[in-house]
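Before any comments, here is the structure.
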There are 2 protein chains.
Amino acid sequence: MSNIKEVCRLSGVSTATVNRTLRHPELVKPQTREKVMKAVKETGYRPNWMATRFKRGKSNTIVVVVPNLLNPFFMQVIEGIEHGARQLGYNVLLGDSAGDPEIEHQYAAMALNGRADGLIQLNHTFPFSAEDEELGLNVPMISVCDRITDHKFPFIELDNFGAARAMTQHLIELGHTKVGIISGERTSQVYLDRLSGVIRALSEEDILFNNDWLVGDGYSYNTGVEGIKQLMSLDSQPTAVICFSDHVTIGAIHSAKELGLKVPDDISISGFDDITVAQYIDPPITTIRQPAFDIGNKAVNNLVNIIDNNPSPRLRDVFPYELIIRKSTGKVKET
Amino acid sequence: MSNIKEVCRLSGVSTATVNRTLRHPELVKPQTREKVMKAVKETGYRPNWMATRFKRGKSNTIVVVVPNLLNPFFMQVIEGIEHGARQLGYNVLLGDSAGDPEIEHQYAAMALNGRADGLIQLNHTFPFSAEDEELGLNVPMISVCDRITDHKFPFIELDNFGAARAMTQHLIELGHTKVGIISGERTSQVYLDRLSGVIRALSEEDILFNNDWLVGDGYSYNTGVEGIKQLMSLDSQPTAVICFSDHVTIGAIHSAKELGLKVPDDISISGFDDITVAQYIDPPITTIRQPAFDIGNKAVNNLVNIIDNNPSPRLRDVFPYELIIRKSTGKVKET
DNA sequence: TTGAAAGCGGTACCAC
DNA sequence: GTGGTACCGCTTTCAA
């Protein structure tokens, strides 16, 4: 790999001029410019990225910490991040934490030693460890899809309360009063917001929420499988079940069918996210669409603003949901 | 952010000693070591990553170029890459090319200016552009899941020929002789390998492959939807269809059902990849399992060996498939 | 066992 | 418009 001095030798100018030619060509006399460009071409010179970043004291890199790469919803958020980052001149370091706090810590630390300029966190757990407290104070950071409770970090999220409420209203309109939930992770704020959306919609119609119908604690297919088994083993069973992610819904529908139930004739099951496959499931899933790409895109933009010291005054950015009605929910069965 | 000099001041030693204490503690007198460590703690010193990498002339970073983040199969490969990279002390830069050669080129160029030490390519298109020819010569690079035809780059892939042959044999055992294909991208070597696996298995039983039954050119759900429509509009229709990815299979099953066909009673449909959702589809998909995580893991390991100048003598690494028989394939319908 | 010092390759200020 | 040069922060050689 050739360096700037090589170019100097060939073109007979100083490093300053070579640099100027490349960064501010308008300040260089055309003839000089040509000489330099010719030498650049001949040597195949490309400015050393490390040297440049080092000198400038900026990495133009952000870290994205994800709990799980296999969920298309997260990946769509990351698509949005990646797309935005590229447009803003940033690179994306992928940090698959697999839920391990130690790994999260490693990735988070990258923002402390100049490896990265900022951090996007797709989890709701923070600080990752006690030592990470300093992160929050010193590192541009933003939380997506979930809020970090009790900490003052900017975050971007769906109107989870409204979405859950709308889904519940949809079920009530279909005649359901016995509404169950297969929840996502209980430790998250998202869980609380969605739960209260459901309860609110029910209470607006004077329907009482039955706590026995609240099961599940995760986002996997198996959460749905087990959730349905659990709900269907109860003496009094819900006629409709809201799952907190489409993966859970897919597991739940599968499980319901295995128990001999017809969806939606015997039981209505709805989802969250509207991942692409939702429409190809049998029956196609009624769900809440999240603008995942836009959320990711907004996240980088806000993050880069923080990095550039133009932080948005607001801590919270909320995106609207969209209720997508398909075939996995239907009128309540007459009994 | 404090630097090494700060630590020098506080501990009263030279930069050399501070550095040694951190990198080769055994060479430093215990008392000195303590002094230094105390100063490190007090200042919260972390060696500047950019400076270190710059000085060492190595980025410890690899770029992964993916055509599509929404396919769980790719993502599982990337999980394997990420996991292996972390263990080897490397970071992963995510390059979502979205199939755009210009973007691929941008990411590929990172390996030419010291931004990254190497490149893993999950596509089969290369060179991305004419200028990228130099990449192949100068940059540690490895191709995964697909082979770059006509270029001498190391690659890692499934035994696609064997897998397609095994799947076809499975269908033949079920009595099928009319076997159709909904193909993945036709420009890829994977396509050719799988196609010839199917044809071979058929010819071994003296069954002729009908070219009208070869449709499709992609990996999306919609490829499957359209593929089935196309096959079912023929005068003579296949009784079994092999899809080249599970996404395609999911679309195909959905489409078949919409046409009023029962799977597998009226038509058998099989897949490739064994992504997690395959088992939750109705009917659960008969498919070829690819050891995606291991493939990714192997890829980084090989790549890092190349980076370290210990390239494996072999250009090709093949992983074994596993035939997973579920319910989307069944005995041929008597007519 | 420790310290002095020469870089790594660009960048950008300042002088001409 | 151009060139000389100090410097970013760390690493490592060499000498003490």
Side-chain angles (χ1 to χ4, degrees), chain A residues 1-40 43-61 89 109-117 138, chain B residues 1-40 43-61 89 109-117 138:
Chain A
M1 251 191 310
S2 58
N3 59 22
I4 201 169
K5 284 202 188 131
E6 197 99 346
V7 180
C8 291
R9 271 204 304 103
L10 249 110
S11 55
V13 299
S14 71
T15 63
T17 299
V18 173
N19 190 352
R20 256 190 303 258
T21 307
L22 263 27
R23 307 282 168 207
H24 312 282
E26 71 282 2
L27 301 178
V28 179
K29 197 162 61 173
Q31 301 141 25
T32 319
R33 213 188 296 159
E34 272 176 47
K35 260 194 316 190
V36 172
M37 292 314 289
K38 183 158 158 286
V40 166
T43 55
Y45 170 66
R46 295 164 183 265
N48 180 300
W49 192 91
M50 283 296 161
T52 304
R53 297 303 138 188
F54 163 52
K55 175 66 182 167
R56 297 225 251 249
K58 185 145 176 278
S59 67
N60 277 78
T61 302
M110 288 181 178
L112 286 172
N113 62 10
R115 171 77 186 93
D117 298 330
N138 306 322
Chain B
M1 246 188 315
S2 58
N3 59 22
I4 201 170
K5 281 198 191 134
E6 197 99 346
V7 180
C8 292
R9 271 204 304 102
L10 250 108
S11 55
V13 300
S14 71
T15 63
T17 300
V18 172
N19 188 306
R20 258 190 300 257
T21 307
L22 262 28
R23 308 282 169 206
H24 312 281
E26 71 281 3
L27 301 178
V28 179
K29 196 162 63 174
Q31 300 140 24
T32 317
R33 212 188 296 159
E34 271 176 48
K35 261 194 314 190
V36 172
M37 292 314 289
K38 183 156 160 287
V40 166
T43 55
Y45 169 66
R46 295 164 184 266
N48 180 300
W49 192 91
M50 283 295 161
T52 305
R53 298 301 137 191
F54 163 52
K55 175 65 186 174
R56 298 225 252 250
K58 185 146 176 275
S59 68
N60 276 80
T61 302
M110 289 181 180
L112 285 171
N113 63 9
R115 171 79 185 91
D117 298 329
N138 305 322

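Just so it is clear: chains get the letters A, B, ... in the order the sequence lines come, proteins before strands, and each one is counted from 1. All values reported here derive from a predicted model rather than from experimental measurement.
- For D:dG3, one of the phosphate oxygens OP1 or OP2 lies less than 4.0 angstrom from a side-chain nitrogen or oxygen of A:Thr17.
- Across all their heavy atoms, B:Ser14 and B:Cys8 have their closest contact at C-SG, 3.5 Å.
- For B:Ala51, taking side-chain heavy atoms from C-beta onward, the closest of the listed nucleotides D:dT2, D:dG9, C:dA5 is D:dG9.
- Across all strands shown, A:Val18 has no heavy atoms under 4.0 Å from either base or sugar-phosphate atoms.
- Rounding to whole angstrom units, CD1 of residue B:Ile4 and P of C:dA5 are separated by 16 Å.
- Toward the 5′ end of DNA chain C lies the nearest nucleotide of A:Asn3, the other residue of the pair A:Asn3 and A:Arg20 mapping further downstream.
- Below the 3.5 angstrom threshold, one finds no donor paired with an acceptor across the side chain of A:Arg53 and the base of C:dG10.
- Within 4.0 Å of A:Thr15, counting heavy atoms only, lies at least one base atom of the nucleic acid.
- Rounding to whole angstrom units, CG of residue B:Leu112 and C1' of C:dG9 are separated by 17 Å.
- Checking A:Arg33 against B:Arg56, the closest nucleotide of DNA chain D that is more toward the 5' end is the one next to A:Arg33.
- Looking only at side-chain heavy atoms (C-beta outward), A:Ser11 and A:Lys38 stay at 4.5 Å or farther from each other.
- Looking at the side chain of B:Thr52, the nearest of the listed nucleotides D:dC10, C:dC13, C:dT2 is D:dC10.
- Distance CD (B:Glu6) to P (D:dC8): 13 Å, rounded to an integer number of Å.
- In plain terms, the two heavy atoms of B:Tyr45 and B:Leu22 that are nearest each other are CE2-CD2, 3.5 Å.
- You'll find the side chain of B:Trp49 stays beyond 4.5 Å of the side chain of A:Arg53, heavy atoms only.
- In terms of position on DNA chain C, the residue among A:Ser2 and B:Ser14 whose nearest nucleotide sits closer to the 5' end is B:Ser14.
- At whole-Å resolution of the value, CZ in B:Phe54 and C1' in C:dG7 are 9 Å apart.
- Between B:Arg115 and A:Thr61, the side chains place a donor N or O and an acceptor N or O closer than 3.5 Å (distance only, hydrogens not considered).
- Going from atom CE of A:Met50 over to atom C1' of D:dG9 covers 14 Å, rounded to whole Å.
- Rounded to 10°, the helix from C:dT1-D:dA16 to C:dC16-D:dG1 has 40° between the axis fitted to its first five pairs and the one fitted to its last five.
- In this structure, B:Val13 and B:Val18 have side chains that are in contact, with non-hydrogen atoms separated by less than 4.5 Å.
- The minimum heavy-atom distance between A:Ile4 and A:Thr15, with the atom names listed, is CD1-O, 3.8 Å.
- Using a 4.0 Å heavy-atom criterion, one finds that A:Asn19 contacts the bases of the nucleic acid, with or without backbone contacts as well.
- Between the side chain of B:Lys55 and the base of C:dG7, at least one donor-acceptor pair of N or O atoms lies under 3.5 Å.
- In the model, A:Thr32 has no side-chain atom that pairs as donor or acceptor with a side-chain atom of A:Arg20 under 3.5 Å.
- Atom CG of B:Leu27 is separated from atom P of C:dT2 by 10 Å (rounded to the nearest Å).
- Here the nucleotide nearest the side chain of A:Ala16, chosen from C:dG10, C:dA12, D:dC10, is C:dA12.
- Distance B:Arg9 CZ to D:dG9 P: 14 Å, rounded to the nearest Å.
- If you measure from atom OH of A:Tyr45 to atom P of C:dG9, you get 10 Å, rounded to the nearest angstrom.
- Within 4.0 Å (heavy atoms only), B:Arg23 reaches sugar-phosphate atoms of the nucleic acid but no base atom.
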